[in-house]
Amino acid sequence: MPKRISSIKPRESNLKGKKQEENTKKWYTSFFARLIFMAILICVAVNIRIYYNQRAELLNREIANVEYQIHELDREIENLKKRKEELCSFSHVTKRIREENLGLRYAEPSQIRKTALVRRNIDNKQVASGTVPKTDSQKTAAVR
């Protein structure tokens, strides 16, 4: 008896169907694996971006805090300079002299010392000496 052709074809079609099912399974699994991998990469990139934005904001806050402290110190320095000028003014000094009853008077002759200042140029160097006989080119300074 001859073999039926129709009975052979279904076997071949069954084999092809199994191969196609295996290929489609491989294709779906590789597609889903790639899709999951890309999703993981995207999540990691987003988390890294969020982390760096958070760090940048913390640094910006710290910078603002330091700038505020610098501003406060500059204001304090300006206030101290103004206070120094007030305390060093002639009117304040005379007022304090009157309050403390400090009598200022001229120095006695024994308290006055005279020093001769001499400047000579020797090879573009200036030399000063204290005890040199007085000449016309020398200047005399009196200290009270």
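- The local environment of CD in Glu76 is sparse, with at most 12 non-hydrogen atoms from other residues, nucleotides or ligands closer than 6.0 Å.
- Here the closest non-hydrogen pair linking Cys88 and Val93 is O-CG2, 4.2 Å.
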Item to check | Criterion side-chain contact (heavy atoms from CB on, under 4.5 Å) on Leu35 and Met38, from CA distance to verdict | outcome: CA-CA 5 Å; Leu35 190 64; Met38 291 179 72; 5.6 Å; no
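- Note on Ile97: it does not cluster hydrophobically with Leu87, by side-chain heavy-atom contacts below 4.5 Å among ILVMFWY residues.
- Taking a cutoff of 4.0 Å between a charged side-chain nitrogen and a carboxylate oxygen, Arg75 and Glu72 qualify as a salt bridge.
- Taking CG of Leu59 as the reference point, atom CZ of Arg61 lies at 10.5 Å (rounded to 0.5 Å).
- Here the CZ-OG1 distance, from Arg34 to Thr29, works out to 10.0 Å after rounding to the nearest 0.5 Å.
- Crowding of Glu86 atom CD: a count of heavy atoms from other residues, nucleotides or ligands under 6.0 Å exceeding 12.
- Asn60 CG to Glu67 CD: the interatomic distance, rounded to the nearest 0.5 Å, is 9.5 Å.
- The residues Arg96 and Glu99 are annotated as salt-bridged, a charged nitrogen and a carboxylate oxygen being separated by less than 4.0 angstrom.
- Connection of Tyr52 to Val44 is established within a shared hydrophobic cluster, with ILVMFWY side chains joined at heavy-atom distances below 4.5 Å, either directly or through further cluster members.
- Rounded to the nearest 0.5 angstrom, Glu57 CD and Asn53 CG are separated by 7.5 Å.
- With hydrophobic clusters built from ILVMFWY side chains whose heavy atoms lie under 4.5 angstrom apart, Ile40 shares a cluster with Ile48.
- In the hydrophobic clustering of this structure, Ile63 does not group with Ile70; members are Ile, Leu, Val, Met, Phe, Trp, Tyr whose side-chain heavy atoms approach within less than 4.5 Å, directly or through other members.
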